[in-house]
Protein chains: 2
Amino acid sequence: MAKAAQKQDPAATVVKRGEGVSHVYEILRNEIIELKLVPGSPIDETLLSERFAMSRTPIREALVRLAADGLITTLTNRTTIVSNIDFLQMGAFFDALTLMYRVTARLAASNHVAEDIPAIRAHQATFAAFVEERNVLGMIAANRDFHVAIAEAGRNPYYTALFKRLLDEGRRILRLYYHSYDDNLPRQYVTEHEDIISAMVARDVERSDALAIAHADQIVRQIRSYISADNRSSPRIQL
Amino acid sequence: MAKAAQKQDPAATVVKRGEGVSHVYEILRNEIIELKLVPGSPIDETLLSERFAMSRTPIREALVRLAADGLITTLTNRTTIVSNIDFLQMGAFFDALTLMYRVTARLAASNHVAEDIPAIRAHQATFAAFVEERNVLGMIAANRDFHVAIAEAGRNPYYTALFKRLLDEGRRILRLYYHSYDDNLPRQYVTEHEDIISAMVARDVERSDALAIAHADQIVRQIRSYISADNRSSPRIQL
DNA sequence: GGCCGACGCTCTGTCGACAAATAAAATTTA
DNA sequence: TAAATTTTATTTGTCGACAGAGCGTCGGCC
């Protein structure tokens with residue numbers, strides 16, 4: 001048996017009628033974001049239907065949802081592939097990500113209620129724990145949950161939806177480019193998160209905004225450095 | 001025969017293999033936005049499959065796409081209904097709409113190329129023509145296309161996607177609340193559009209931003225006035 | 001020997017049917 | 001008569017099967 005089979009495949013779980021589609025959707029979504037499914041690789045419906053022990057119909061509906069999220073690309077009458085990460089639009093991605101960091105932080109400072117805080121702190125604690133463990137992939141996921149919680153406290157579902165999509169895309173990019181662990185960065189993120197929380201609790205919109213900008217810049221800079229480190233084989237020409 | 005049958009139902013069109021789903025999707029999407037399908041009303045898959053002369057499978061896949069757009073709501077094992085317009089979140093809607101007006105206008109001023117202009121001007125001309133005809137519903141649709149064209153010139157697909165969704169939601173709200181035709185407003189919009197174009201062509205980011213804010217405020221104010229006019233039966237208590 | 005077209009294979013798009021889940025109707029019971 | 005419960009009916013979720021559209025392969029032709 002393959003070694004991977006030791007860890008129980010969640011696809012094996014039996015689900016009730018009406019949950020089949022979301023079950024497949026959630027699992028595939030995770031595997032795409034975690035790059036277990038390589039960008040550009042084809043997706044075989046028949047294979048999936050065997051793996052999930054379902055007919056192709058619910059599989060296809062899950063794929064339609066993933067396509068709506070932009071995680072997969074459907075080539076009509078041909079095949080569907082895991083969406084590629086588009087380097088040309090990296091600028092647009094960073095721009096949108098930064099803006100969403102800002103507006104969600106601002107709204108959270110304005111609109112949060114006391115009940116929102118525990119969940120946010122819990123995600124931050126999880127994040128800090130992963131930092132101690134030097135578990136980068138756990139950090140990335142916890143970071144996503146932390147910021148989503150803040151966005152939800154801001155109570156603008158349009159922003160939250162876009163932010164989720166961007167953060168997930170960020171997870172894919174980070175997985176793709178992550179190479180070396182730098183002790184300093186994660187600890188700095190922990191501190192920045194703490195600052196963001198306190199500004200939010202104090203309902204200080206402008207400070208929340210400023211911190212969000214700094215945080216976003218930091219993350220963008222990190223991703224950029226990963227990318228350029230990866231491009232070292234084809235260095236930019238310096239004039 | 002019903003009078004509606006005089007206008008050829010686009011559902012009757014025969015489509016090639018692989019286009020069935022998008023065909024259904026487009027038509028239903030339009031009917032939801034144009035409120036031909038009333039918010040809250042149930043959607044019968046069997047009925048649709050008869051109407052489109054297709055099996056339920058492609059119909060269901062189209063419905064999944066609409067659900068991803070937030071245009072319909074699926075109640076598991078029960079039924080799916082046309083999404084209601086959520087008045088409690090009207091503030092969030094206006095906020096996001098204004099922000100997208102702004103960022104797309106800014107980006108268009110920065111990133112547009114000469115080839116983008118003709119399409120934008122064409123949409124503006126269409127809009128102006130509808131104003132002359134006093135065709136409000138046409139105006140609303142043309143206005144949407146105009147701003148989408150600007151967003152596309154800004155070349156940030158994340159913003160464009162959210163903006164489209166917001167503008168479509170706006171079309172639904174306007175259809176719902178539109179009552180009386182005011183001669184002045186539409187002409188003002190035409191002027192504002194012209195200003196937006198010239199600021200964009202001049203690559204004046206800040207002026208584009210300012211105009212976008214003013215334009216958005218104007219539209220938000222208009223929708224708000226429609227809504228409050230509609231609520232006249234239950235007036236707010238003035239203290 | 002290389003290019004072009006017919007053939008077959010694989011995979012997707014669509015179909016009709018069945019079964020579970022829920023809502024509505026009918027019936028019983030207090 | 002009203003409430004509770006069983007029965008019926010409708011509608012969704014899932015299934016297995018078929019047919020069309022590409023893609024690769026093989027053979028023929030220049």
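Every chain is numbered from 1 and lettered A, B, ... according to where its sequence line falls, protein lines coming before strand lines. Side chains included, hydrogens not; waters and symmetry mates left out as well; all remaining heavy atoms used.
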Please report, rounded to the nearest Å, how far the [atom2] atom of [N] is from the [atom1] atom of [X].
X      : N       : atom1 : atom2 : result
I59(B) : dG13(D) : CD1   : P     : 14 Å
D44(A) : dG13(C) : CG    : P     : 12 Å
I72(B) : dT12(D) : CD1   : C1'   : 13 Å
I43(A) : dC11(C) : CD1   : C1'   : 14 Å
L48(B) : dT11(D) : CG    : P     : 12 Å
R60(B) : dC15(D) : CZ    : P     : 12 Å
E45(A) : dT10(C) : CD    : P     : 17 Å
L75(A) : dT10(C) : CG    : P     : 21 Å

- Side chain of M54(A) - closest among dT12(C), dT14(C), dC15(D): dC15(D)
- Closest to side chain of P58(B), choosing from dC11(C), dT11(D), dT14(C):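 From the listed options, dT14(C) comes nearest.
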- Can you check salt bridge (Lys or Arg N to Asp or Glu O under 4.0 Å) on D168(B) and R144(B), steps first, answer last? CA-CA 7 Å; D168(B) 285 339; R144(B) 184 256 192 204; 2.9 Å; yes
- With no hydrogens and no angle check, is any side-chain donor or acceptor of D86(B) less than 3.5 Å from a backbone partner on L88(B)?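 Yes: the side chain of D86(B) pairs with the backbone of L88(B).
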- Task: With DNA chain D as reference, determine whether E61(A) or R78(A) sits nearer its 5' end, using the nearest nucleotide of each.
- Result: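 It is E61(A), whose closest nucleotide lies nearer the 5' terminus.
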- Task: Take N77(A) and K16(A), find for each the nucleotide of DNA chain D with the closest heavy atom, and name the residue whose nucleotide sits nearer the 5' end.
- Result: K16(A)
- Pairwise side-chain contact, V82(B) with I43(B), heavy-atom cut-off 4.5 Å (strictly under): yes
- On a plain distance test, is the side chain of T57(A) in donor-acceptor contact with the base of dC15(D) below 3.5 Å? yes
- Message: Go nucleotide by nucleotide along DNA chain C from the 5' end; which of R56(B) and R17(B) gets its closest nucleotide reached first?
- Response: R17(B)
- Does a side-chain N or O from S55(B) land closer than 4.0 Å to OP1 or OP2 of dC15(C), or not?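 Yes, such a contact exists.
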- Message: Tell me whether R155(B) is salt-bridged to D116(B), with the criterion being a basic N under 4.0 Å from an acidic carboxylate O.
- Response: yes
- Which word best sums up how the rings of H193(B) and F127(B) line up, parallel for under 30°, tilted for 30 to 60°, or perpendicular for over 60°?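 H193(B) vs F127(B) ring planes: tilted.
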